[in-house]
4 protein chains.
Amino acid sequence: MGMTAAVIGGSGYGGGELLRLLLAHPEIEIGAVAAHSNAGEDIADVHPHLPDLAGRTFVDTAAAVASGAGLIFLALPHGRSAEVAATIPAGVKVVDLGADFRLANADEWARAYGVPHAGTWTYGMPELPGARAEIAAAERVAAPGCYPTAVSLAYAPLLAAGVIEPADLVTVAASGTSGAGRSAKVNLLGSEVMGDVTAYKVGRHQHGPEIVQNLGRVAGAPVTLSFTTTLAPMPRGILATCTARPSSKAGTDELGVGLAFDDELITGILRAFYADEPFVKVLPAGRWPRTSATLGSNTVHLQATFDEGAGRVVVISAIDNLTKGAAGQAIQCANLMLGLPETLGLPVTGLAP
Amino acid sequence: MGMTAAVIGGSGYGGGELLRLLLAHPEIEIGAVAAHSNAGEDIADVHPHLPDLAGRTFVDTAAAVASGAGLIFLALPHGRSAEVAATIPAGVKVVDLGADFRLANADEWARAYGVPHAGTWTYGMPELPGARAEIAAAERVAAPGCYPTAVSLAYAPLLAAGVIEPADLVTVAASGTSGAGRSAKVNLLGSEVMGDVTAYKVGRHQHGPEIVQNLGRVAGAPVTLSFTTTLAPMPRGILATCTARPSSKAGTDELGVGLAFDDELITGILRAFYADEPFVKVLPAGRWPRTSATLGSNTVHLQATFDEGAGRVVVISAIDNLTKGAAGQAIQCANLMLGLPETLGLPVTGLAP
Amino acid sequence: MGMTAAVIGGSGYGGGELLRLLLAHPEIEIGAVAAHSNAGEDIADVHPHLPDLAGRTFVDTAAAVASGAGLIFLALPHGRSAEVAATIPAGVKVVDLGADFRLANADEWARAYGVPHAGTWTYGMPELPGARAEIAAAERVAAPGCYPTAVSLAYAPLLAAGVIEPADLVTVAASGTSGAGRSAKVNLLGSEVMGDVTAYKVGRHQHGPEIVQNLGRVAGAPVTLSFTTTLAPMPRGILATCTARPSSKAGTDELGVGLAFDDELITGILRAFYADEPFVKVLPAGRWPRTSATLGSNTVHLQATFDEGAGRVVVISAIDNLTKGAAGQAIQCANLMLGLPETLGLPVTGLAP
Amino acid sequence: MGMTAAVIGGSGYGGGELLRLLLAHPEIEIGAVAAHSNAGEDIADVHPHLPDLAGRTFVDTAAAVASGAGLIFLALPHGRSAEVAATIPAGVKVVDLGADFRLANADEWARAYGVPHAGTWTYGMPELPGARAEIAAAERVAAPGCYPTAVSLAYAPLLAAGVIEPADLVTVAASGTSGAGRSAKVNLLGSEVMGDVTAYKVGRHQHGPEIVQNLGRVAGAPVTLSFTTTLAPMPRGILATCTARPSSKAGTDELGVGLAFDDELITGILRAFYADEPFVKVLPAGRWPRTSATLGSNTVHLQATFDEGAGRVVVISAIDNLTKGAAGQAIQCANLMLGLPETLGLPVTGLAP
């Protein structure tokens, strides 16, 4: 074991998923696990799917910070990481699963989250251009949000290739309920969510600016996004439908010669962009992504089509919001930060049915 | 009882929903119920939620046609109504829940459904401009599809008001599994659909041309629609996210004077358009539609917003695909055709949780 | 409209179901609706499936008591009805959906619910021997619990006939999540309950003594019950598996002559017992009860078998816990108390799929 | 890699689970994968959660038998293994996930499965007394059924200790839908199973005799079991409620001295029996098993209580029916047969929420 990691915020769904993955990680050992309101409780009483942690108890945040861990994961509600991060000594590597350090623009952060901006850390999405090396060199990394992962990876290749118009992206995404966290709210009760699909925060989801930031960097141009989020009756999974109009460059090669702008061309761009990525799978023609195929895996499934009649490209993206959309991606970043193989301890295989 | 109705295709989900609603209808009595492959079986063995039909058996199609019913509902798979309809004598009122007679354009029908076009009947969506009187006068009515109901009613008021651009509509809709019918297919097994959201027929759903036809009539202009359908893990319900760009006319009054183009203006247009409609509810500000609130009801729930940053109007629409999206709307049409109060026997109230 | 009814505790699931059913009741009008913590809120904001109540607001309990209603339904958490009931003037008919007045034995009540016993009202299960007339004559009725309804109606005919042994009943029942109420608890979150079946309160469920009381009366002898409750991932429904050993009298006629003790004999006893009951359906041979077939209905579905090898009778019972198991049965009692037809406003038909 | 394994019947749920687990197994490599009706198809098209198998195709059964694999898993429908097994040469180790070779009594087999008995192989439940060594020595092993695993492991310790009466066991178990296999049947459609709990094959489930055989061996006495199976709306998981009356020996020590027969004594017996078992977890007092905590793991969760009033011991058992109830247990047996550590490649950790 090369490294002991502390987890702060270990009683929520993101924290639980970190623990699940770390239990199978060959080079990172689970150290102190903090959970403010559950301090003193047996971890397996809160996470009964982790019987190997029976007999170990949650500590408080200060104890976890002081535990001597060389790596700390923060899995706290948005807006709560900054205060804890300030107490972590230099030299300790930190990956934050929360939103606190994701946005570069302080005004946008304040607008989206309603509390002052605490700063900006290296953004932890290794598949974006140039990101991998930055993450490897960073001491503190802000792991991306769940929706931003699904949506950014769908659009990035087409924006980078210049074949879609950045000014009119329209995305509708469905998420399982764990995306809303383990908070006791009436609207998240099983009785309410089973048998129900609903829209929420339409056009106002706090993940919108994060996606726009990511895509603007890739496009090298301002991006405009209509972003609608819906809640689906399942514990995990995000399915994002990401549409765009072709740009004037679409359907021409590098010399400007006309090409058929069709499914093959689009999926070819996706395939080329992700050719070396272990966690991104562009599906064979005719097969559309399903969230169930990503369950518990760190894998993104993509498929795309050009609807000529509608004049829109549609990219569908599926991930597990807790794995690639949170804890898995955080560990992927940690692997890079520690100089370990990026894929260590991270399943490509999902659990189905 | 004023009328006896036969149901042909009574063993499927649409047929079962017709029977459920007709059992509570004060003026329509259930006559012969046909189900080709279940002929001779007890209706309650196939539909155990209908114990009042225990002891009655399914007949074959010919027997139902010959039963002397003054009203016949066809609830057959798409492409199967035409042949049966040809055997029904004039004078018998017919409502078809299938797609056979919905489209005016024979080429589009053949492209969408792959079999020759059989003709065009009066289209049965009473809330569209001018439709109510046409339905009341018709002997044969093509009841709309489930997605077309949810989507057309979301866009119609804004297209009629000229405030959105018909040339770039983008819709993503989620449907419960009953929309795919009661057919024994592996991809519809509970083991496959629970815990899963998936996309299907992206940009190629056969309901696309029907929506475009409806909206083109309302807009008085060609409509372009990007239409993505997804399958959600619930038996019933459709949630449609319907986006559009404001037209150049948006935010001006009839004299061209500028107005704030905002949520209030948009929902005001929706409210005015549906002010007298018993089955369309524009929700109060701040409340988004949920499919669960429409369960078993003939009601459409709508809410809208203008996302200024994205430059898109978003209308969310929720229905029960089997009720307002199929059997309920068919009975609504039948009420009109029979000169009965339009709302007779049709619940506004849903079943929740 | 013959009667105005107030509902106290109108924001919970039982209260919402009362409102749903009363909206369709031809002789009972909805009067004041109280909900302590939601007073002042629009009823349709809390119950979006009831758009006909939009514009009406919840009042507080005192206002509802003072509203002049001739009938009051109490739909409060267990242990909270007694205090309110004490403020309701004589002459007002009251049906309590809570447990406060169900048990005759004060010690058992205190043991099960942990607060002092407030008294005993007429028990509102019309299908039990002699109950109908008592309810019709009562001013105050304690409507039964959900599990007691499903289990008591399964065993009652066989105990009354003396063919099963009252001393060794073993029942395992599964309930949907609405049985636990609309309380914001982590263990009831959708993320926790979807994909999960779990046992709870094994051998200690507070409904145990109520079942034993009911069955002891029917059997005319002490009853011993092993009662295990499980939570299933669905909003509504109870499926109870009720087993018993044949008594020494089983398989003999009234003169003691031996008969084949088999499925036919057992279901014959059930059929005879419920021959005149509008809400109890003994299914045809070969068809087992499904909770989905009872959704939203006031109907009990029963089926039984004698497993000769195991020496056990098994009766399976399905109900909707919120309808026949709570609000529907309460209205059934109210109909009797008001001298109305017992079935008025109560659906036999369920909603499926 | 020490061993290449072929999988025959690789397109079903049991086969898919074998492949999922074997992909992560450090010592067993996946060889030929046969699926009769899918021969020639890409494995990842059938199992999209297994992207690492993309590009590999299903072969036919004969090709898999002839592939030279040293280990073959059979994951065929019940009654189909015998014919294939007859073609596998001696020296090849075989684990059958089907029922064909589980029962010792040919008459009982024929009664339960309706086809002639093909023989009896070593029964593959390592946790039963004496079984581990037999499995390690065997060339052909019949892996147990899903219900028999959940139920046998619940009762075994108490029967072995003689503290419960073998003559009156009463079990009710709920299973997820994958237990019924990947067969396109209307009653298994998502529309039918979501929102529904139903009973099936009451007292006649083909797994009954297998449980009775297992428990009879442990008890050293004939066992009588009332066994009711129910279908729950989730893809995976079994929760078994296993009740029994205390025997005359209950509550006495080995010398016959009286002890308090209570929860502690019972769970103490379970804990002692499974003290060295890596895959059986007796939960701490107060925590009941949940199927969700076992998802994707090879772990059994147990809890028990003595309900003194009812005179019944209740043991609750939870497993994942596809893992510990099928593929995981089969690999556990294969590990023993190959001389590998028994736990190799088998997760104790589940996936939640």
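Quick note on labels: first sequence line is chain A, next is B, and so on, each numbered from 1.
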Student: Name the region of D/Pro233, side chain, backbone, both or neither, that has any atom closer than 4.5 Å to a heavy atom of chain C.
Tutor: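 Interface part for D/Pro233: both.
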
Student: Shorter than 4.5 Å, heavy atoms on both sides: which option in C/Val170, C/Val223, C/Thr291, C/Thr224 has the most such pairs with chain D?
Tutor: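 Greatest number of close heavy-atom pairs with chain D: C/Thr291.
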
Student: Would you call the rings of D/Phe227 and D/His205 parallel, tilted or perpendicular, where under 30° means parallel and over 60° means perpendicular?
Tutor: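 Perpendicular: the ring planes of D/Phe227 and D/His205 meet at over 60°.
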
Student: Report yes or no: do D/Glu192 and C/Ser292 form a side-chain donor-acceptor pair below 3.5 Å?
Tutor: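 No, C/Ser292 and D/Glu192 have no side-chain donor paired with an acceptor closer than 3.5 Å.
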
Student: Evaluate the criterion side-chain contact (heavy atoms from CB on, under 4.5 Å) for residue pair D/Val212 and D/Glu108; output intermediate values, then yes/no.
Tutor: CA-CA 11 Å; D/Val212 166; D/Glu108 276 178 1; 5.7 Å; no

Student: For the residue pair D/His49 and D/His47, does the interplanar ring angle fall in the parallel (under 30°), tilted (30 to 60°) or perpendicular (over 60°) class?
Tutor: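 Taking D/His47 first and then D/His49, their aromatic rings stand perpendicular (interplane angle over 60°).
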
Student: Distance-only, no hydrogens or angles: does the D/Glu17 side chain make a donor-acceptor pair with backbone N or O of D/Ala326 under 3.5 Å?
Tutor: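 No; zero donor-acceptor contacts below 3.5 Å.
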
Student: Do you know which of C/Val172, C/Val197, C/Leu239, C/Thr198 has the most heavy-atom pairs under 4.5 Å to chain D?
Tutor: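 The option with the most such pairs is C/Val197.
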
Student: Side chains of D/Pro347 and D/Leu21, heavy atoms from C-beta outward: is any pair under 4.5 Å?
Tutor: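 D/Pro347 reaches D/Leu21 side chain to side chain.
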
Student: Given heavy-atom pairs under 4.5 angstrom as the criterion, report whether the side chain, backbone, both or neither of C/Thr230 touches chain D.
Tutor: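 Just its side chain gets close to chain D.
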
Student: Taking C/Val202, C/Thr228, C/Leu231 one by one, which has the highest count of heavy-atom pairs under 4.5 Å against chain D?
Tutor: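 Top count of heavy-atom pairs under 4.5 Å with chain D: C/Val202.
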
Student: If you tally heavy-atom pairs under 4.5 Å against chain D, which of C/Gly237, C/Ala310, C/Ser191, C/Pro353 wins?
Tutor: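 Winner by heavy-atom pair count: C/Ala310.
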
Student: Report which part of D/Ala232 has an atom under 4.5 Å of a heavy atom belonging to chain C: side chain, backbone, both, or neither.
Tutor: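 The side chain, not the backbone.
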
Student: What part of D/Ser226 gets closer than 4.5 Å to chain C, counting heavy atoms only: side chain, backbone, both or neither?
Tutor: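 The answer is both parts of D/Ser226.
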
Student: For chain C, find which of D/Asp168, D/Ile316, D/Val314 contributes the most heavy-atom pairs closer than 4.5 angstrom.
Tutor: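 Most heavy-atom pairs within the cutoff with chain C belong to D/Asp168.
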
Student: What's the verdict on side-chain contact (heavy atoms from CB on, under 4.5 Å) for D/Ser178 and D/Asn321, showing C-alpha distance, side-chain angles and the deciding distance?
Tutor: CA-CA 8 Å; D/Ser178 62; D/Asn321 59 303; 3.0 Å; yes

Student: Determine, for C/Asp320 against C/Arg20, whether the closest basic-nitrogen to carboxylate-oxygen distance falls under 4.0 angstrom.
Tutor: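 Not counted as a salt bridge, because no side-chain N and carboxylate O are separated by less than 4.0 Å.
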
Student: Give a yes-or-no answer on whether the side chains of D/Tyr147 and D/Thr171 include a donor-acceptor pair shorter than 3.5 Å.
Tutor: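 Distance-only check fails for D/Tyr147 and D/Thr171.
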
Student: For chain D, which residues from residues 298-308 of chain C have at least one heavy atom closer than 4.5 Å to it?
Tutor: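 From residues 298-308 of chain C, the residues near chain D are C/Thr305, C/Phe306, C/Asp307.
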
Student: Work out which heavy atom in D/Thr294 is nearest to a heavy atom in D/Ala318; give both atom names and the distance.
Tutor: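 Heavy-atom minimum between the residues: CG2-O, 3.6 Å.
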
Student: Might you point out which heavy atoms bring D/Thr149 and D/Gly325 nearest each other, and give the distance in Å?
Tutor: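 Closest approach of D/Thr149 to D/Gly325: OG1-CA, 4.3 Å.
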
Student: Sort D/Asn187 into side chain, backbone, both or neither according to what part of it lies under 4.5 angstrom from a heavy atom of chain C.
Tutor: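 Interface part for D/Asn187: neither.
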
